[in-house]
There are 2 protein chains.
Amino acid sequence: MSLREQKKLAAWRAIRSAALRLFDQRGYEAVSVEQIAAAANVSRATFFNYFASKEAVVFDQDPQERDHWRALMNARPADEPLWDALTAIMIGFNERLADRMPLQRRLKAQSPALAQSTQDLGEQFRTDLRDWVATRTDGTDPLTATLQFNLAFAAVSTAYQTWPADESFDQYLQRLRRCLAQAGAGPAAKAN
Amino acid sequence: MSLREQKKLAAWRAIRSAALRLFDQRGYEAVSVEQIAAAANVSRATFFNYFASKEAVVFDQDPQERDHWRALMNARPADEPLWDALTAIMIGFNERLADRMPLQRRLKAQSPALAQSTQDLGEQFRTDLRDWVATRTDGTDPLTATLQFNLAFAAVSTAYQTWPADESFDQYLQRLRRCLAQAGAGPAAKAN
DNA sequence: TCCATTATTAGACGGAGTCTAAGTTCGGTG
DNA sequence: CACCGAACTTAGACTCCGTCTAATAATGGA
C-alpha cells in the first residue's frame, strides 16, 4: 500500500472517528460538518471529498471492510442454493458489526433526522451483494433472484427492528438466524 | 367539511399539482421550493406548512387516500391469517396507484436525488399498516408479525424494482401478486 | 531535482429547512 | 351584525448542507 493510500485511509478514519465522537457527545444535529472537519484537522471541503453527505459519515463502511464481505461472497460454492448462500453471507456480514451497531443504534434513537433515514450500515454492502446475485444468477429467472435478495434484507431489518435496548449483540445475531430461517420457510408455513 | 378544511385540502392539492407539473417539465432538482410556491400562489413558508420537505411533495399521499386504505384494513376478517390479510391489503393499496406510479417512476429515473431516496409512495401507508398489524397481533408473537410485515413490503419492492419501462400497470399488479404468493410460500420452497 | 498527478484548501454561492413576529381569515358568541 | 380568539399565511432573516472554482501543497516517479 503506497504512502498516498495510507494517508487517505488515515484521513478517512480520522474524520469518521471525530464525527462519531462528537455525535455521541452532543447529538447528530447539534454537530455541524464544519465542527467535524475542525476536530479532524481538515477543511470542510476535504470532509466532502471523503463523504458524500453528513449522513454518510454515520453509515459508510470502512474501506477495508469491503474486502471482507467480498471474500464472503466469493467463498460460497457455485452449486449452493441461492437462499442458503444469502443466509450465510448475511450472517457473516452482520457478525462484523458488533462494534458499530450499538453506537449507530444510540444515534438513531437520539436523533430525529437519523431515525427517519431509511439508510443503514448495509447500504454499500447491499450494492455489492446485488451485483454478486446478478452475476451468479445470470441467465436464470431475475424475478426470483431479486425476490430472494429483498426477502433476505427484510429478514435482517426485522431482526434489527425487534432488537430491544437491553439485549446483547449475540442475541441479536441469534434472532437474525431465526428470521432468515423463517423467511426461507415462508411465513404462511409457520405462523397462524 | 368546514370551509377551513376545504381550503386546506385545496391548498394541499394546488401545491402538489403545481410541484409535479414543474418537476415533470424541468426535472426535480431544477425546480426550487420557491418556484413551486409561486406557481401554487402561496408563500414559501406555506409550502413547508403542508410538506415536511421538498421530497415529501413527491411521495406524500392525498389526505383522502388515507380513508381508503384504512377501510381496506378494517375490512379484513379477524380470523383471517395475517399473511393473507397483508396480501389482500397490499394489492388493494397498489391498485389505487395507477395514476401516480408512472409519473413517480419517471421522476425517479430522471433525478439522481430521488433515485437514491429510499422513500416511496407507501411511506404513510406503511406507518398505518404497522399500527394495524400491531393492534391486530396484540398479545401474540411480535417477531413473527414484524417479519411478515417486512416480507410483504419486500415483495412489493421486488415487483416494483423488476417493472420494465415498457410494461403496463396491470402487468405490474400481476407480478405483484406472484411476488406475494412466492414470498408466502418461502423462497426455499420454489427456487433452486 | 524536476514534473505530472493527485489531494487539500479557502471562499463564494444557491437552496433547504427553521423560526419569529406580524398580518389575515375563519367560526363561533353575545 | 360586531367582535374575539384560534387557526392560517406571510415576509424576512438565519443556519447549515452541498457544490464549485481556482489556487496551493504534497506525492511518487523520471
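Within every chain, numbering begins at 1; the chains are lettered A, B, ... in the order of the sequence lines, protein sequences first and strands thereafter. The structure presented is a predicted model; accordingly, all values stated were derived computationally and were not measured.
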Salt bridge (Lys or Arg N to Asp or Glu O under 4.0 Å) with [X]: which residues, sequence neighbours excluded?
X: A:D141; value: none
X: A:R136; value: none
X: B:E167; value: B:R175
X: A:R13; value: A:D62

Inset, instruction - Return each pair, listed once, that meets salt bridge (charged side-chain N to carboxylate O under 4.0 Å, His left out) where at least one residue sits in residues 40-55 of chain A; pairs must be two or more places apart or across chains. - result: none
Inset, instruction - Using the salt bridge (charged side-chain N to carboxylate O under 4.0 Å, His left out) rule, collect all pairs that involve residues 90-112 of chain B, keeping only residues at least two apart or in two chains. - result: B:D24-B:R106, B:E65-B:R96, B:E95-B:R177
Inset, instruction - Go through the structure and list residues passing ring-ring contact (aromatic ring centres under 6.0 Å, His included) with A:F125, not counting sequence neighbours. - result: A:W69, A:F93
Legend entry - With sequence neighbours excluded, residues passing ring-ring contact (aromatic ring centres under 6.0 Å, His included) with A:F59: none
Inset, instruction - Check each residue of residues 8-21 of chain A for a non-hydrogen atom within less than 4.0 Å of any atom in DNA chain C, then write out the ones that pass by number, or none. - result: A:K8
Inset, instruction - Do nucleotides 16-30 of chain C as a string where each nucleotide becomes B, S or -: B if the base has a protein heavy atom under 4.0 Å, S if just the sugar-phosphate does, - if no protein is that close. - result: BBB------BBS---
Inset, instruction - Grab the OH-C1' distance between A:Y50 and C:dT8 for me, whole Å please. - result: 9 Å
Legend entry - Residue pairs, two or more places apart or on separate chains, that pass side-chain hydrogen bond (donor to acceptor under 3.5 Å, both in side chains) and touch residues 25-38 of chain A: A:E29-A:S111
Legend entry - Outermost nucleotides of DNA chain D that come under 4.0 Å of a non-hydrogen atom of chain A: D:dC17 to D:dG28
Legend entry - Ring centres under 6.0 angstrom apart (A:W163, A:Y172): yes
Legend entry - Contact under 4.0 Å: A:T46 side-chain N or O vs C:dT8 OP1/OP2: no
